[in-house]
Amino acid sequence: MSTANQPVQGMSDIAAPEVRLWQRLEQLARETLELYGFEELRTPVVEFEAVFTRSLGETTDVVQKEMYVFEKGGRRLCLRPEGTAGVMRHAAGLGAQETDGARWYYVGPMFRSERPQAGRRRQFHQCGVECLEPPSPRVDAEILALQVDLLRAWGLGDCEVRLNTRGESGGQAAVAAGLRAALAAREAELCDDCRRRIAENVLRVLDCKNAGCQAIVATLPPPTDFMSAASREYLAQTAAHLDALGVKARIDPLLVRGLDYYEHTVWEIASSALGAQNAVAGGGRYRMQIGGRELVGVGFAVGLERVVGVLQALGRDRDLIAPPPPLVWLVGLGDAALDGNLALMQRLRAAKIACRMATGGSMKSQMRAANKSGAAFAVIRGDDELAQGVAALKDMATGEQVTLPLDRLAPELAARTGAGR
């Protein structure tokens with residue numbers, strides 16, 4: 001099969017009518033996020049590779065296996081695999097007064113070179129937020145409540161929230177040492193990846209999907225056993241604030257998230273409608289060094305492909321797809337009428353009326369084009385209508401036709417189509 005007319009594997013065109021669902025999701029996201037005081041930030045799709053290797057951690061799967069990396073002008077660049085690091089790179093270039101308490105959101109494409117499957121694409125889209133406020137169970141609960149609000153706005157209020165903690169950053173070495181000691185007697189039974197992870201990033205063993213590894217993990221003490229009392233209390237306070245906000249969350253001691261910059265609160269939100277790959281969204285609190293600055297915050301990201309997948313599986317996608325505005329098709333009989341209709345279209349569009357016309361042809365062919373487009377109305381003009389300053393307005397559904405003075409055409413179409421409401 002020729003690749004000339006095919007998108008790259010794992011990447012998709014998004015066309016009507018589905019694109020209208022995406023537009024509605026983005027509109028609802030902006031409305032919801034701005035209620036919480038967030039402003040949009042647009043970062044480049046291409047970044048320096050170091051932006052991600054230094055912030056995500058060189059042992060993470062994203063950095064080791066999934067980034068699209070290339071060289072240009074002697075510099076190593078990559079397509080962004082996630083949104084947080086680029087936002088933090090932007091923040092690192094600002095002063096403290098501009099970043100303290102900053103709240104940004106982003107919507108756009110990300111890229112990971114992984115095996116395409118349901119809900120997982122090589123080019124995928126995320127909506128995410130970053131809140132640069134210092135560690136606080138209240139703020140963490142607020143941002144998780146925001147994510148739940150966003151999913152509700154999209155019609156996904158029945159998802160499950162799983163909550164855990166990575167502990168304070170100063171205590172993470174003790175957690176890693178405790179887990180390594182607990183795994184030592186069973187190390188030979190682990191998969192190759194997990195044996196490597198014990199030395200590189202032992203928390204990733206808890207997230208392995210291999211059935212044998214999962215059975216071993218189930219026998220381990222939870223990571224919170226190796227954390228300070230302050231870290232456990234932080235998690236308890238966050239859970240209490242969520243309860244007060246009406247957000248139901250289940251504490252999952254094995255939830256770790258995949259990136260090295262997390263500390264304290266982490267969470268994932270899942271939907272059974274997606275099957276085995278059921279994560280819709282996730283987030284947490286983080287601390288990272290970038291551009292010579294240490295930045296702390298809390299945020300989340302939602303995979304829009306997964307949201308679309310859940311909505312389609314539940315049959316709720318049609319509820320969000322708004323129909324296009326009623327279309328008016330201008331039919332001109334003769335060059336003078338066609339020229340006049342070109343100018344008339346612009347006047348109608350200024351009145352917020354959607355309209356099109358054919359560039360020529362017989363009345364029959366122009367009406368056929370109007371029918372094919374799904375036009376709700378046709379405006380027909382020939383030499384007689386031009387001379388009299390009128391137009392024939394035809395309802396394409398009923399076949400009813402009336403003749404109107406041109407100065408009454410726009411108000412009549414606005415009333416019939418609901419334009420400008």
Side-chain angles (χ1 to χ4, degrees), residues 7-11 38-116 120-133 166 169 172 196-197 200-201 203-204 257-263 266 281-305:
V8 174
Q9 185 181 20
M11 304 183 184
F38 283 81
E39 295 281 353
E40 185 175 9
L41 174 64
R42 301 188 182 190
T43 62
V45 170
V46 176
E47 297 270 11
F48 291 113
E49 180 189 24
V51 169
F52 298 99
T53 56
R54 293 173 184 172
S55 58
L56 306 188
E58 295 191 8
T59 64
T60 61
D61 285 350
V62 172
V63 169
Q64 288 193 342
K65 302 177 181 179
E66 298 171 359
M67 290 205 305
Y68 283 99
V69 180
F70 58 97
E71 289 195 10
K72 187 71 174 177
R75 296 187 173 184
R76 288 180 64 80
L77 309 174
C78 73
L79 301 179
R80 62 185 183 193
E82 59 94 59
T84 298
V87 174
M88 293 302 103
R89 188 264 311 143
H90 170 78
L94 303 176
Q97 286 187 328
E98 297 168 287
T99 56
D100 289 350
R103 292 188 168 199
W104 289 304
Y105 74 86
Y106 57 86
V107 181
M110 312 292 164
F111 302 85
R112 294 188 188 181
S113 179
E114 53 185 340
R115 184 170 64 87
R120 191 182 295 271
R121 311 294 291 167
R122 288 174 174 166
Q123 176 178 309
F124 58 100
H125 299 76
Q126 284 187 342
C127 172
V129 309
E130 312 299 342
C131 171
L132 273 60
E133 298 188 31
R166 289 282 293 266
S169 58
Q172 290 179 357
R196 172 179 55 81
R197 287 166 176 161
E200 294 180 353
N201 187 345
L203 283 174
R204 299 297 298 144
R257 303 288 290 160
L259 304 176
D260 286 355
Y261 53 53
Y262 284 114
E263 65 171 4
V266 291
R285 176 160 287 281
Y286 51 81
R287 181 182 302 269
M288 64 176 66
Q289 296 282 343
I290 190 165
R293 287 184 62 186
E294 181 176 75
L295 295 165
V296 298
V298 60
F300 64 72
V302 186
L304 294 182
E305 278 81 359

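Pairs passing the ring pair (Phe, Tyr, Trp, His ring centres under 6.0 Å) check and including a residue from residues 67-99, sequence neighbours excluded, read His90-Trp104. Pairs of residues two or more places apart, or lying in two chains, that qualify as salt bridge (Lys or Arg N to Asp or Glu O under 4.0 Å) and include a residue from residues 84-102 are Glu47-Arg89.
The backbone N or O of His125 lies less than 3.5 Å from a partner atom in the side chain of Glu305, making a donor-acceptor pair.
Residues passing the side-chain hydrogen bond (donor to acceptor under 3.5 Å, both in side chains) test with Glu40, sequence neighbours excluded: Arg30, Arg42. Residues meeting the side-chain hydrogen bond (donor to acceptor under 3.5 Å, both in side chains) test with Gln126, sequence neighbours left out: none. For Tyr105, there are no ring pair (Phe, Tyr, Trp, His ring centres under 6.0 Å) partners two or more places apart in sequence or in a different chain.
Ion pair Glu133/Arg103 flagged as a salt bridge, since at least one NZ, NE, NH1 or NH2 atom sits closer than 4.0 Å to an Asp/Glu carboxylate oxygen.
The neighbour count for Gln97 CD, taken as heavy atoms of other residues, nucleotides or ligands under 6.0 Å away, does not exceed 12.
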If you look only at distance, which donor and acceptor atoms sit under 3.5 Å apart when one is on a side chain in residues 293-303 and the other is two or more places apart or in another chain?
{"unit_1": "Arg293", "atom_1": "NH1", "unit_2": "Ala91", "atom_2": "O", "d": "3.1"}
{"unit_1": "Arg293", "atom_1": "NH1", "unit_2": "Leu94", "atom_2": "O", "d": "2.6"}
{"unit_1": "Arg293", "atom_1": "NH2", "unit_2": "Thr99", "atom_2": "OG1", "d": "3.2"}
{"unit_1": "Glu294", "atom_1": "OE1", "unit_2": "Arg287", "atom_2": "NH1", "d": "3.1"}
{"unit_1": "Glu294", "atom_1": "OE2", "unit_2": "Gln289", "atom_2": "NE2", "d": "3.2"}

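At a threshold of 4.5 Å between non-hydrogen side-chain atoms, the residues Tyr106 and Cys127 do not count as touching. Contact check for Val45 versus Met110: no side-chain heavy atoms found under the 4.5 Å cut-off. Side-chain contact between Arg80 and Phe52: present, with at least one pair of heavy atoms (C-beta onward) separated by less than 4.5 Å. In this structure, Cys78 and Val46 have side chains that are not in contact, with every pair of non-hydrogen atoms separated by 4.5 Å or more. Side-chain contact between Met67 and Phe111 is absent, with no heavy atoms from C-beta onward closer than 4.5 Å. Side-chain contact between Val69 and Leu77 is absent, with no heavy-atom pair separated by less than 4.5 Å. Looking only at side-chain heavy atoms (C-beta outward), Arg75 and Phe48 come within less than 4.5 Å of each other. You'll find the side chain of Gln123 stays beyond 4.5 Å of the side chain of Pro7, heavy atoms only.
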(message) Before you tell me yes or no, could you show the steps for Gln172 and Arg166 under side chain to side chain contact (heavy atoms under 4.5 Å, CB included), namely the whole-Å CA-CA distance, both residues' side-chain angles and the distance that decides it to 0.1 Å?
(response) CA-CA 7 Å; Gln172 290 179 357; Arg166 289 282 293 266; 3.9 Å; yes
(request) Could you please spell out the steps behind the side chain to side chain contact (heavy atoms under 4.5 Å, CB included) verdict for Phe124 and Met11? (result) CA-CA 8 Å; Phe124 58 100; Met11 304 183 184; over 6 Å; no
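Atom-to-atom distance recorded for Glu66:CD and Glu82:CD is 11.5 Å, nearest 0.5 angstrom. Atoms CZ and OG, on Arg285 and Ser169 in that order, are 11.0 Å from each other to the nearest 0.5 Å. Separating the CZ atom in Arg76 from the CD atom in Glu49 is a distance of 4.0 Å, to the nearest 0.5 Å.
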